[in-house]
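Reminder, nothing fancy here: chain letters follow the sequence lines and each chain counts from 1.
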Protein chains: 2
Amino acid sequence: MRVTIREVASTAGVHYGTVSRALNPDTAHLVAKKTRERVQKVADELGYTPNTIARGLKKNRTQTVGVVVPDIASPVIGHLVRGVEDRLSPHGYIALVANTDDDREREQTQIRALMGRSVDGLIVASAHLSGPTLEELAEHRIPVVHANRHGHGESIASVTSDDAPGVYSVVDHLVRLGHRRIAYLGGPLDTSTGQTRSQAFRFAMAEKNLAVDEKLVVHAKTFRTKEGEQLAAALLAAGEEFTAIVAGNDMLAIGCLDTLRTHHIACPDDISVVGFNDMPFVDKLSPPLTSVKVPHYDIGTEAAALMLQLMHAEASSPRTVLLPVALVVRESTGAAQVP
Amino acid sequence: MRVTIREVASTAGVHYGTVSRALNPDTAHLVAKKTRERVQKVADELGYTPNTIARGLKKNRTQTVGVVVPDIASPVIGHLVRGVEDRLSPHGYIALVANTDDDREREQTQIRALMGRSVDGLIVASAHLSGPTLEELAEHRIPVVHANRHGHGESIASVTSDDAPGVYSVVDHLVRLGHRRIAYLGGPLDTSTGQTRSQAFRFAMAEKNLAVDEKLVVHAKTFRTKEGEQLAAALLAAGEEFTAIVAGNDMLAIGCLDTLRTHHIACPDDISVVGFNDMPFVDKLSPPLTSVKVPHYDIGTEAAALMLQLMHAEASSPRTVLLPVALVVRESTGAAQVP
DNA sequence: AATGATTATGCAAACGTGTGCTGTACATCG
DNA sequence: CGATGTACAGCACACGTTTGCATAATCATT
């Protein structure tokens with residue numbers, strides 16, 4: 001059996017209420033220094049650890065935040081979760097992670113499971129969030145922070161990468177290299193990143209006074225390399241000429257590289273390829289992939305920081321954080337092929 | 001405010017104890033079908049969800065298992081955790097993950113934090129586990145399963161990959177290609193995988209009647225690419241001849257490839273390189289890395305399965321699971337250079 | 001020395017469940 | 001018809017804390 005506050009009290013010769021106060025930083029000033037020290041010592045000797053469950057029941061706070069992600073096995077998500085953890089744990093909070101596979105039903109189930117465990121807050125990095133679930137969350141008045149995705153309007157706090165300038169810098173980079181006919185292989189339009197980047201691409205092209213050939217714009221249904229391969233092949237088969245592909249993320253870009261290789265098309269000599277996210281090891285690909293560095297770890301820490309603010313109900317603070325990204329030029333982009 | 005069992009009871013016109021029994025599958029048979037159905041209906045209408053915290057306090061079980069990992073951001077660990085989650089969640093359990101960075105102190109802190117939250121079990125994939133902590137765990141009589149690492153003796157359940165045959169198949173593969181002078185660049189000897197694979201290498205070499213040149217055996221302090229680079233450079237600088245490097249994992253192997261490239265040594269033409277784990281995307285490296293596929297996802301599911309057994313205290317079952325690995329031959333290994 | 005102010009501690013009621021025990025109503029049996 | 005058994009529901013305590021309130025102890029002030 002685990003040692004309780006009463007045992008500490010009896011061996012220290014004080015009432016258990018006093019022990020509670022002595023051990024709690026907020027109330028420690030209410031107990032005399034002498035007894036506080038004695039209690040502290042006895043608690044250490046007995047190896048007392050407060051029962052978080054009992055405390056949670058009483059205070060209605062569990063020092064736990066739920067983290068809802070599409071897939072913890074994905075490298076970018078892993079870094080995000082790591083950031084959350086690192087920022088949260090010094091404050092005594094711990095993360096409860098749940099995978100959804102971007103599946104609406106599973107999302108709902110997982111969020112319910114988290115709510116049932118009385119998490120103090122919810123960081124949501126999963127793509128969708130169905131209506132009923134959102135309502136439930138509102139009912140429980142539980143703080144919610146969106147990470148790596150935009151919220152519904154501005155009502156929900158969110159922290160994301162500032163993708164638009166990133167996409168612009170990609171297009172700018174390609175244009176400077178002489179590219180004019182640029183294909184776009186984007187991610188799912190029902191995800192926040194898929195949509196944002198797609199719009200940003202059109203905007204950037206307009207900015208450069210370049211026409212967007214609709215035949216050169218395709219969108220994947222998932223962010224998987226396999227689909228990148230297929231869509232890249234489809235772009236090639238369409239017969240429209242182009243000298244560069246901007247991909248919605250690195251996975252899709254890797255698919256492109258594979259397809260180019262199987263078609264014996266040289267990259268970057270014939271066609272340049274750009275990814276997004278700058279995942280680990282894309283610098284080791286052949287050719288090393290030009291990409292846009294997205295600070296997923298920092299997204300995690302910022303989301304956690306925002307969550308801490310919300311939970312402690314500090315004065316209203318900036319609710320929407322945009323983190324800067326940076327183009328990383330490598331060898332998958334080069335001068336446009338002369339026609 | 002959240003709806004409690006008492007509200008359900010009063011609107012259904014029964015005692016709250018009855019509601020508790022009616023809603024709990026194990027005790028539902030104790031209440032008449034008619035009232036049980038009425039209670040059920042009222043509970044649904046009111047949107048009652050049992051308070052897991054209160055239940056946890058009473059039953060001393062939280063339907064939660066702690067998962068202690070070195071770094072959730074690492075791709076292999078991500079897959080492992082994913083496996084744990086997938087196997088656990090259908091049973092209503094949820095995973096509480098904690099990173100340790102393989103740091104002894106942090107390990108202790110995190111495990112304490114998990115224990116304080118009354119987890120029902122602990123899956124430990126972190127490298128070390130210092131003495132005092134182990135004792136604490138034993139005191140609490142909490143089920144522990146080691147994943148991806150061997151336990152202390154056979155007293156603790158564990159599930160790992162069967163690395164020895166994997167290493168043997170690597171050496172065998174190289175020998176068949178004509179390699180005789182083979183270097184070993186292993187992981188930290190104070191980690192389970194580092195030690196197992198190192199021993200297995202010596203054993204495999206002996207099996208093949210090949211001498212192990214101690215100047216060609218080095219061990220990293222961490223599993224990082226940077227250290228792979230440095231140690232590979234050190235091997236080259238040592239002046240001993242060799243035609244192949246067996247690395248303790250893919251990260252170290254990637255470091256080797258980088259060093260070979262900067263030294264303008266061709267791989268595999270001059271020196272072959274083999275990794276271990278078969279991480280995502282090592283097939284996209286240049287050259288694509290020959291490696292040993294370790295089923296980290298399955299290690300996760302198996303560890304979770306074992307944990308479920310232990311928690312439900314089913315009859316004593318196989319406590320040590322070894323999962324098979326498979327050599328995946330790619331282009332980083334080739335025929336030995338003729339002298 | 002008595003009074004008031006301040007500080008330190010004890011007391012006990014919650015928080016929302018689970019569950020052993022008790023009591024009641026009804027059926028069954030001799 | 002009385003005794004016994006069975007099925008169901010109520011009662012109240014316990015799980016380990018926190019915390020408002022009351023009380024005791026200490027100290028300063030007049």
Self-check item: side-chain contact (heavy atoms from CB on, under 4.5 Å) evaluation trace for B:V145 with B:L310
Solution: CA-CA 9 Å; B:V145 173; B:L310 288 178; 3.7 Å; yes

Self-check item: Spacing of B:L88 atom CG and B:M307 atom CE [to the nearest 0.5 Å]
Solution: 8.0 Å

Quiz prompt | Per-nucleotide protein contact string for nucleotides 18-25 of chain C (B base, S sugar-phosphate only, - none; heavy atom under 4.0 Å) | solution = BBB-----

Self-check item: Under-4.0 Å salt bridge between B:K59 and B:D120
Solution: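 Here B:K59 does not pair with B:D120 in a salt bridge, since their nearest N and O are not under 4.0 Å apart.
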
Given atom [atom1] of [X] and atom [atom2] of [N], what is their separation to the nearest angstrom?
| X | N | atom1 | atom2 | value |
| --- | --- | --- | --- | --- |
| B:H29 | D:dT6 | NE2 | C1' | 14 Å |
| A:N60 | D:dT19 | CG | C1' | 15 Å |
| A:L57 | D:dG16 | CG | P | 12 Å |
| B:E7 | C:dT17 | CD | C1' | 14 Å |
| A:K34 | D:dA25 | NZ | C1' | 13 Å |
| B:R117 | D:dG16 | CZ | C1' | 16 Å |
| B:L23 | C:dT17 | CG | C1' | 12 Å |
| A:N51 | D:dC15 | CG | C1' | 8 Å |

Can you tell if the side chain of [X] reaches within under 4.5 Å of the side chain of [Y], non-hydrogen atoms only?
| X | Y | answer |
| --- | --- | --- |
| B:D71 | B:V69 | no |
| B:S126 | B:Q110 | no |
| A:T64 | B:R117 | yes |
| B:T160 | B:H146 | no |
| B:T193 | B:F223 | yes |

Quiz prompt | Relative orientation of the end axes in the helix from C:dA1-D:dT30 to C:dG30-D:dC1, expressed as an angle to the nearest 10° (five pairs per end) | solution =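 Helix axis angle between the two ends: 50°.
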
Quiz prompt | Verdict with reasoning, B:T49 to B:V3, per side-chain contact (heavy atoms from CB on, under 4.5 Å) | solution = CA-CA 7 Å; B:T49 48; B:V3 36; 6.0 Å; no

Quiz item: Base, sugar-phosphate alone, or nothing: which one does A:I53 contact when heavy atoms must sit under 4.0 Å apart?
Solution: nothing

Exercise. Nearest-nucleotide wise, let me know which of A:G13 and B:T49 is further upstream toward the 5' end of DNA chain C.
Key: A:G13

